[in-house]
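Each remark here refers to the structure printed beneath this line.
Convention: sequence-line order gives letters A, B, ...; per-chain numbering from 1.
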Amino acid sequence: MESAIPAIHAENISKTYNPRSKTPVHALNNVSFQVRQGEIVGLIGPNGAGKSTLLRILLGFLGADKGGSASILGNHPESLETRKQIGYQADSQFRSGTISTQSFLDLHALLVGCPRPSEEVAGLLEHFSLTNAAGRKLSALSKGMRQKIELAVAFIGSPKVVFLDEPTASMDPPSVFELREYLTQQKGKGTTVFFSSHNLTEVENVCDRVLFILDGALVAEHSLVNTPQGFLEEAFRKHLVERKRT
Amino acid sequence: MKGAIRKLFLIELHRLWPIAAYFVPVMLASLSVLMTFATGRMQRQYNVAQQAIMLNLNFVVPLASAIFAIGSVSNDVKDGWLRTLLIRPITRQRYMAVKLAAVYCSLVITIVVAGILPNVAFAVFFSKTPVQFDLARVLYIHALILLQGFLYVVILLFLSCWLPGVFNVIALTFWAILASSISSYIQYVHWMDKWLVILKEYLFPSGFWDSIDVVMARTGTPVAELSWGFGALAIFLALAFWSISVIQVDKGSE
């Protein structure tokens with residue numbers, strides 16, 4: 001049964017970088033939307049549209065301009081209650097010369113309070129084909145491998161809401177298929193996933209709904225249930241052309 | 001949560017000690033040995049407590065605390081470590097406490113390896129002059145040295161919340177120069193003005209350092225000096241914990 005509390009709620013979120021400078025950058029402009037629990041929602045937009053900024057504000061890592069508000073499962077994004085129920089894969093990955101993959105994942109499993117951290121980590125390593133990377137330092141891994149580790153971290157502890165920032169950006173096709181399969185499994189478990197992407201095919205394959213962001217503004221949203229293949233590309237082109245006109 | 005905090009502490013400690021960092025205590029210890037030999041042979045009597053002040057307070061503690069603590073929080077923001085941690089149910093204050101513990105442990109290890117061992121080794125094996133070793137005094141002074149080291153680490157962590165590593169060093173140097181000139185001015189010109197004296201004490205806190213002077217001079221118990229030291233420590237601890245709770249975890253730009 002669908003819960004009345006939205007998984008993600010954003011209202012009038014704006015963000016201006018360097019507001020006091022002569023050339024302030026308006027990264028987001030009055031963005032409002034909701035994501036229901038159990039939905040997989042994609043955020044699509046070109047480079048510099050404000051996707052990562054929006055994700056970081058939703059997670060409380062970046063302060064928004066005054067007047068807007070965001071909540072996750074009805075709580076403040078930075079509250080400990082929220083933090084127990086979310087996962088996040090960042091676009092820029094953490095790389096350390098001293099920490100091994102196993103240590104990194106173990107730490108996250110412990111922090112999130114997994115009852116059986118070793119089993120949880122072993123399962124994720126196996127699922128994302130990372131077993132061979134367990135003993136290796138994060139800095140010694142390829143970009144694609146580190147991205148998979150960040151993904152594994154995002155899903156540690158079976159979070160209720162997961163935020164993914166360009167999850168397939170550095171991945172090879174087999175890993176993309178694995179992720180697609182994994183997201184479908186997670187949807188079956190009722191996990192909410194909110195992810196930003198450039199990859200229209202990927203979004204079309206896994207999402208229930210898509211939000212278009214252009215120049216910091218949400219310009220449209222579409223349901224992707226029962227839509228023909230190629231619908232998203234066509235819609236995206238249409239919104240880009242409309243935006244250019246205005 | 002205890003297991004998670006223990007794991008985080010071990011990882012923080014490990015991050016402070018990559019292979020290259022092992023060079024730090026070795027280098028400091030080598031320099032300490034040279035300094036000990038140079039000064040120890042000139043003295044009529046080898047005073048272990050005095051030598052500890054020379055080595056630790058003037059040399060090992062400022063250098064090692066700078067090496068381990070400068071830019072530590074700002075680097076965590078820059079490389080995404082803080083973001084990866086704070087997505088979990090851990091408070092910023094707890095992160096700061098673990099960071100403080102890890103940096104301070106690293107400092108204590110360095111003090112033992114580079115400041116205490118060369119001093120003791122010289123006293124036991126190489127000193128040709130009589131050795132003055134008053135255990136109680138030596139321990140007392142080392143306790144004060146450790147407190148001064150803790151104060152340095154807290155100040156540096158506070159600064160590192162706001163400034164990147166290199167600016168940390170510049171700010172600290174500028175602060176030290178400014179503090180010493182203003183302190184001298186207040187001490188000689190406005191020494192009757194209690195508010196300016198209080199300002200001087202907080203400008204660059206030296207309460208623990210002054211306590212050591214009192215202990216060495218055997219002029220009584222350094223109650224006032226210790227109070228200043230603990231007062232400054234409390235203020236900078238509060239500033240460090242406040243700073244971590246207000247800084248942005250992600251500088252972000254798109």
Exercise. Search all heavy atoms of A:Leu111 against all heavy atoms of B:Pro89 and return the closest pair with its distance.
Key: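 Of all heavy-atom pairs spanning A:Leu111 and B:Pro89, the closest is O-CG, 3.4 Å.
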Whatever's closer than 4.5 Å to a heavy atom in chain B on A:Leu59 counts as side chain
Is A:Glu78 close to chain B through its backbone or its side chain, or both, or neither, when contacts mean heavy atoms under 4.5 Å?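 The side chain, not the backbone.
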Cut-off 4.5 Å, heavy atoms of chain A, and the answer for B:Ile87 is both
Part of B:Ile5 lying under 4.5 Å from any heavy atom of chain A: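 No part of it gets close to chain A.
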Taking the ring of [Y] and the ring of [X], is the distance between their centroids below 6.0 Å?
X: A:Phe33; Y: A:Phe194; result: yes
X: B:Tyr104; Y: B:Phe68; result: no
X: A:Phe155; Y: A:Tyr182; result: yes

Are side-chain N/O atoms of A:Ser170 and A:Gln147 paired as donor and acceptor at under 3.5 Å?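 A:Ser170 vs A:Gln147: donor-acceptor pair found between side chains.
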Pair count under 4.5 Å, heavy atoms only, with chain A: among B:Ile19, B:Thr84, B:Leu8, highest is B:Thr84
